[in-house]
Number of protein chains: 2
Amino acid sequence: MPRIAPINACAGREPHGARGVKVAVPKPKFKQTRDTREAVLSAAAKNFREKGYAAVTLREIAKTAGLTTGSLYYHFKSKEDVVREVLDQGHIFIRLAVEKALADPRVGTDDRSRIRCAIKTHMACLFGDDSLSAANIRIFSQVPAQVKYPTLASRHAYEALWRSLFQDAKASGFLDPNLDIEVMIPLMLGAVNWTLEWSGSDDVSVDAIVDHVVTMLEA
Amino acid sequence: MPRIAPINACAGREPHGARGVKVAVPKPKFKQTRDTREAVLSAAAKNFREKGYAAVTLREIAKTAGLTTGSLYYHFKSKEDVVREVLDQGHIFIRLAVEKALADPRVGTDDRSRIRCAIKTHMACLFGDDSLSAANIRIFSQVPAQVKYPTLASRHAYEALWRSLFQDAKASGFLDPNLDIEVMIPLMLGAVNWTLEWSGSDDVSVDAIVDHVVTMLEA
DNA sequence: CTTATTGAAACGAACGTAAGTTATTTTCTT
DNA sequence: AAGAAAATAACTTACGTTCGTTTCAATAAG
């Protein structure tokens, strides 16, 4: 697993639900239906990212989030309901992160810089403190069909973002004009996403990975 | 999911347990302990490949293989025992396939041809009739630690094979000498392995994928 | 008091697993 | 060569556990 990049890579970003530890100093009860919900989602994402979908029990999620299974059912009506929201939030988060990063004026206007920025931001989401994005990438294919279907729209929007990037890069000659964008994009994203499966080898930094991917893309 | 390549890609290969369909026209009972074992492994691999590890039940495996759960326990002593053998066979199979393909005299001696052959054979295993290799790649990270540990030796042997290929290619200038082989190999294999997660888009052939990967690797 | 939130307990279903039984094949004895 | 004995292969049934889920009483806030 690669070292976690110093977040704020490329264009500044803070993790989605940047809530602190929930040690409860006095007893900040109530009016926290929002916080509890997010704590559950974060706990679920953390577990899903590590173990996959089916292997994670609601008892584990509840325990990680600091409540009991019964309480969890006050906020969500089923396990499917939990994973549905993890999937939604995770993918929307990563797409918005990349869009925002690309919109940052500090990013160069050349295709190499823009693609590098997008890849780096994508990876920063995967290895950031929040597990939502990583969980989405990791468990998408393990999830019941009725859960993954509604999220396809968001995925298509994300693919469109990359398609636009790659089309520009192809026009400018940064990418080999003989190669098919519809093949290159999933291959490239696959290479990046598969880093989630790397084990051991902590000595490869996210930056090094990004560099290698960009160089390999370059014509 | 890419189209299944016309098997026998690169160097000839037949799927591991090439047993026919088990429709049972008369009633071919008994006399098949070896066949049953392999049928169970094949059924397990098929299910694991599609659904992951934890989501597959022994009842499903037994049903796919055409026997009952109790009978399954005559051949294997636990679910872990089943997945252990799927993992073992799957990975050994893919490594031997690539080694054999590279040893074929019809493969060119230049680094481009050899790397292309290795990638194509790897992918042919992933999308071949037998699911053992695909299951291995897909569920490795979902499996209990005590199962995945003993298989690491085989994985290292496979990595060594690729390291050797890439070192030669780097020496001859086919690969960019500035890039780190220890990063490129997992990235490349990740890109290839992730094709298992592709859904829809049947219109991309394995050959096209191999071509794109090779071209991207080329300096 | 009312509403929102939690925790304890328990439900039925499905899980991995095991034991015991039946059916087929092989081996051994004569 | 025939038939009994042993071994093999598969099925039936069910145990104990754990899962997702539900119920409901207890507690805290407005």
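The structure displayed is predicted, hence computed values, not measured ones. Chain letters run A, B, ... following the sequence lines, proteins first, then strands; residues in each count from 1.
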Under the side chain to side chain contact (heavy atoms under 4.5 Å, CB included) test, which residues partner A:Ala44, sequence neighbours left out?
->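 With neighbours one apart ignored, the set is A:Phe48, A:Ile61, A:Val82, A:Val86.
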Partners of B:Met188 by side chain to side chain contact (heavy atoms under 4.5 Å, CB included), sequence neighbours excluded?
->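 Expected list: B:Ile119, B:Trp162, B:Phe166, B:Val192, B:Val213, B:Leu217.
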Tell me whether the OP1 or OP2 atom of C:dT6 has a side-chain N or O from A:His75 closer than 4.0 Å.
->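 Answer is yes, contact under 4.0 Å.
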Side-chain N or O of B:Thr36 less than 4.0 angstrom from OP1 or OP2 on D:dA10?
->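 For D:dA10, OP1/OP2 do have a side-chain N/O of B:Thr36 under 4.0 Å.
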Which residues pass the salt bridge (charged side-chain N to carboxylate O under 4.0 Å, His left out) test with [X], not counting sequence neighbours?
X: A:Lys51; result: A:Glu60
X: B:Arg114; result: none
X: B:Asp211; result: B:Arg116

Quick one: bend of the helix from C:dC1-D:dG30 to C:dT30-D:dA1 from 5 pairs per end, to 10°?
->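 If I round to tens, the end axes sit 10° apart.
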Pairs under 3.5 Å (N/O, protein and nucleotides 19-21 of chain D):
from, atom 1, to, atom 2, distance (Å)
D:dG20, OP1, A:Val56, O, 3.4
D:dG20, OP1, A:Lys79, NZ, 3.2
D:dG20, OP2, A:Leu58, N, 2.9
D:dG20, N7, A:Arg59, NH1, 2.9
D:dG20, O6, A:Arg59, NH2, 2.8
D:dT21, OP2, A:Tyr73, OH, 2.5
D:dT21, OP2, A:Lys79, N, 2.8
D:dT21, O5', A:Tyr73, OH, 2.8

Closest-nucleotide 5' rank along DNA chain C - winner of A:Ser71 and B:Ser71 |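 Residue closer to the 5' terminus by nearest nucleotide: A:Ser71.
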Going by the salt bridge (charged side-chain N to carboxylate O under 4.0 Å, His left out) test, which pairs reach into residues 146-158 of chain B, not counting sequence neighbours?
->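 Passing the test, one end in residues 146-158 of chain B: no pairs.
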Is there any salt bridge (charged side-chain N to carboxylate O under 4.0 Å, His left out) pair reaching into residues 182-197 of chain A, and which pairs are they, with sequence neighbours excluded?
->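 Listed by first then second residue: A:Arg138-A:Glu197, A:Arg163-A:Glu182.
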Nearest-Å distance for atom pair [atom1]/[atom2], residues [X] and [N]:
X: B:Leu72; N: C:dC15; atom1: CG; atom2: P; answer: 14 Å
X: B:Phe76; N: C:dA18; atom1: CZ; atom2: P; answer: 15 Å
X: A:Asp35; N: C:dT5; atom1: CG; atom2: P; answer: 11 Å

Which nucleotide in the list D:dA10, C:dA4, D:dC11 gets nearest to the side chain of A:Tyr74?
->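 Nearest listed nucleotide: C:dA4.
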CG/B:Asn136 to OG/B:Ser154 distance, rounded to the nearest 0.5 angstrom?
->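 The CG atom of B:Asn136 sits 8.0 Å away from the OG atom of B:Ser154.
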